[in-house]
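Since this is a predicted model, take the numbers as computed values, not measurements. Chain letters run A, B, ... following the sequence lines, proteins first and then strands; every chain starts at 1.
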There are 2 protein chains.
Amino acid sequence: MIKEYIASNKDRFLSELFDWLRIPSVSADSRHKGDVRKAAEFLKDKLSNAGVDMVEICETKGHPIVYAEKIVNPSLPTVLVYGHYDVQPADPINLWTSGPFEPVLKEGKIYARGACDDKGQVYMHVKAFEAMMKLNLLPCNIKFMIEGEEEVGSDNLGLFVKDNKSKLKADIILISDTALISLEHPSITTGLRGLSYMEVEVTGPNRDLHSGVYGGAVANPINTLCAMIASLHDANGKVAIPGFYNKVAELTAKEREALNEAPFDLNDYKKDLDINEIKGENGYTTLERTGVRPTLDVNGIWGGYTGEGAKTVLPSKASAKISMRLVPNQVSAEITELFTKHFQKIAPPYVKVKVTAHHGGEPAVTPTDSAAYRAASHAFEEVWGKTPIPTRDGGSIPIVALFKRELGLDTVLMGFGLDSDAIHSPNEHYGVDNFLLGIETIVTFYKHYAKK
Amino acid sequence: MIKEYIASNKDRFLSELFDWLRIPSVSADSRHKGDVRKAAEFLKDKLSNAGVDMVEICETKGHPIVYAEKIVNPSLPTVLVYGHYDVQPADPINLWTSGPFEPVLKEGKIYARGACDDKGQVYMHVKAFEAMMKLNLLPCNIKFMIEGEEEVGSDNLGLFVKDNKSKLKADIILISDTALISLEHPSITTGLRGLSYMEVEVTGPNRDLHSGVYGGAVANPINTLCAMIASLHDANGKVAIPGFYNKVAELTAKEREALNEAPFDLNDYKKDLDINEIKGENGYTTLERTGVRPTLDVNGIWGGYTGEGAKTVLPSKASAKISMRLVPNQVSAEITELFTKHFQKIAPPYVKVKVTAHHGGEPAVTPTDSAAYRAASHAFEEVWGKTPIPTRDGGSIPIVALFKRELGLDTVLMGFGLDSDAIHSPNEHYGVDNFLLGIETIVTFYKHYAKK
């Protein structure tokens, strides 16, 4: 029944999603403030048409949150669907082969900013809900909380959650904002890394100097910053900040074995990225390195003359953005402090350093022994014919820890994207099959979950 | 006699120089092409008025060279004055306290782009020549070769010199484009460092990646570049490129002693730059580090996300501009090759590197036992009451080596600037005393030189 409904409505589903994707809801760019609201209103209308009891646009200090609910019967369990309707900036625009806000279908994939992350994945839930309403299949209560600031750190979501605990009362959180291993290997994300994001500034002399007149006698802050950054990893690829690994939960041999059962082809991986060798913490596999091990990456660096040609400057300052991905049971605020103290400590006496913290987020693991997880697993088995593999994702969705802390709720991360979808990059796309199978899997999840 | 002439014409000298400084002859900026030519024509007129036999604007592929001569008697010695009428760009404009091309007099100093480097210093020669003509004091022949491309690498000067060897026939080159230790401590520059200026690009994955999904498993090109740069110096502050020091001329104990006799106050130096410690090659003093030791400095670095806030990107590329100052008898082309090979060799297998060479220049030493040097030294003694200290400058004037190679001529570097003049920086200035004493010293130089 659901298969037929999806098949006969598929063109309309895609056409509606395309309309939504045409709205450039870039939360980071204040010039798109109106577009972000337009995208919220579009969602409100679609939820309303699909048959929710109520839907509202909730104001925040930033972009609004769309909240909706359908209470079938207060005594039935309630699923709270979280997602976001804001998107990453489209830069660099010139690398897109079609307009980022002019969605097109190419070889079975939808190309547009937000096609996967997260409008495409949120829209599966809207259409799954519509289908259950039309086919009279909805077996429990649903609440939707879809925010517009996920790509800029969800600054106002925490307050909203705290202020609306009774409204958000539910039994489980359901999120589609992660990826499958592949269409052949469905998977459910059971762990996410946390984040500490830092910015450092190294100051040498009080002004830019002529590198001829002063070079060799005055410490160059770029050289100094490079040496400091280089010292943040040891020869084994470990992060060389004292205490950094203290709280890292080591997996048992059995857990490591299970994790490494996920299909992974190193040659394909290297070929896809066009690299000759991989590089990471010694003694761990690639799946472990991204899934269960913490890391430190420089996300940006700048200093001195960066224009065309040559300028012989010994600059006054050099800066870098450095982020650390965290794993259970590391605590973002603690790692931020460890980093800050360490970076100040290793600063040589000939420079001054300033360390600033950007946003952070806690790592999370979701239980695999809950009724909701089992329902999700059964849904995949029914629709995809395969038991989904539990995986640990390298990325961060800090709100998962927030929901656990504030609402006491566990999350099921039932995402349908692929790592190759180029989210956050030019030419983001989302498979039509992923989209349609996602709708079917979500409907099937509700069926199994209500039976619990 | 010369003192009186300068005193009674000083206001006119300054007013003329101000007119010249108002012409924004920025050679690097094609929008100022017309201004560069205007500055050349201004100089041509002033040389003509001062009494040269002939003056011409010589076309090149870039900006023109102003050539002039006064042949008193072909059997007398000939001094070839070299300088440049082009100036550095004025950026960052907002840090200037008065317009870079609106010269003003503040506390005995002329503030304008080019006030010292090199219009102010060239104009001393024009006015010294005028004075000698008016007072009938010119004791030998003079040739002027003032170029308009010094700040962009003197690309067309080499060809001009090669093509005009007989026209440029002379006995000595005289250049005022360097600095004194201080007004209390006159000095003559006797050595200049050479330069090899490189650009490096490190490529990791073929596209920007999400640092959550890939971080820890794929080498980050910024971290890699930092480690490579850090490895370019050893623990003693030496440049760790094999062969880098092979041709470096080590000074004798006596030469080192003489070099270190120049007045230098480390506390003042640190205070001026607002640094707590200096840093350089172990075993050498600051004067040695900038004067007679080669160095390696990163002049610029960039990669990844450098905007406001946080973006969790694992970038595809990271780049840096790296220059080395060279000393006798290092050869720029050889050092460029050593760097290129070494940087490629230390590249780990998980990245690709591209190394490109920007301009280079040869180091130079000028003799202190020549008639011209003695004449310059006597001129300082007569005008300043002190024997000038021979110093090694850290900067580069590659044309000194060019003149030696092509014309077989030695150079006397009789500059009157100060290191604090902020050349190449906002608020460039030049002391009126430096300017006027410079004119007097130049006239006195000719008197002693002709007596040789």
Most contact-rich option vs chain A, by heavy-atom pairs under 4.5 angstrom, among B:A320, B:G303, B:S316, is B:G303
So OH of B:Y305 and OG of A:S323: to nearest 0.5 Å the spacing works out to 13.0 Å
Within residues 212-225 of chain B, the residues sitting under 4.5 Å from chain A by heavy atom, in sequence order, are B:G212, B:V213, B:Y214, B:G215, B:G216, B:A217, B:V218, B:A219, B:N220, B:I222, B:N223
Most heavy-atom pairs under 4.5 Å with chain A, out of B:T356, B:T295, B:V298, belong to B:V298
When the 4.5 angstrom heavy-atom criterion is applied to A:K352 and chain B, the contacting part is side chain
Discussion item. Do A:I301 and B:W302 have side chains that approach each other closer than 4.5 Å (heavy atoms only, starting at C-beta)?
Written reply: no
If you tally heavy-atom pairs under 4.5 Å between each of A:L296, A:N206, A:L287, A:L95 and chain B, the highest tally belongs to A:N206
When the 4.5 angstrom heavy-atom criterion is applied to B:S211 and chain A, the contacting part is both
With chain A, the option among B:I423, B:V239, B:D297 that has the most non-hydrogen atom pairs under 4.5 Å is B:D297
Honestly, the part of B:E308 sitting under 4.5 Å from a heavy atom of chain A is backbone
Just by distance, do the side chain of B:K321 and the backbone of A:G307 share a donor-acceptor pair under 3.5 Å? yes
Cut-off 4.5 Å, heavy atoms of chain A, and the answer for B:P315 is side chain
Okay, A:D208 and chain B: the region with an atom under 4.5 Å from a heavy atom over there is backbone
Q. Does any non-hydrogen side-chain atom of B:D274 lie less than 4.5 Å from one of A:R207?
A. no
Value for CD (B:E277) from OH (A:Y350), rounded to nearest 0.5 Å, stands at 10.0 Å
The interface call for A:Q88 against chain B, heavy-atom contacts under 4.5 Å, is side chain
So, the part of A:T306 with a heavy atom under 4.5 Å from chain B: the answer is both
Exercise for the section: Salt-bridge test for B:D91 and A:K311: reply yes if a basic N is under 4.0 Å from a carboxylate O, no otherwise. Expected result: no
Distance col, row B:L273:CG vs A:L209:CG, nearest 0.5 angstrom, shows 5.5 Å
Under 4.5 Å to a heavy atom of chain B? For A:R325 that would be side chain
Turns out that what part of A:L192 lies under 4.5 Å from chain B's heavy atoms comes down to neither
Ranking A:I278, A:D419, A:V313 by heavy-atom pairs under 4.5 Å to chain B gives rank one to A:V313
With chain A, the option among B:V351, B:I275, B:D393 that has the most non-hydrogen atom pairs under 4.5 Å is B:I275
Pair count under 4.5 Å, heavy atoms only, with chain A: among B:A310, B:G304, B:G395, B:G394, highest is B:A310
Ranking A:Y197, A:Y284, A:Y269 by heavy-atom pairs under 4.5 Å to chain B gives rank one to A:Y197
Ordered numerically, the heavy-atom neighbours of chain A under 4.5 Å found in residues 228-235 of chain B are B:I229, B:A230, B:H233
Rounded to the nearest 0.5 angstrom, the NE2-OG1 distance for B:H358 and A:T312 is 12.0 Å
Separation between NE2 (A:H424) and CG (B:L314), nearest 0.5 Å, reads 13.5 Å
Turns out that what part of B:L195 lies under 4.5 Å from chain A's heavy atoms comes down to side chain
With chain A, the option among B:V152, B:T203, B:D272 that has the most non-hydrogen atom pairs under 4.5 Å is B:D272
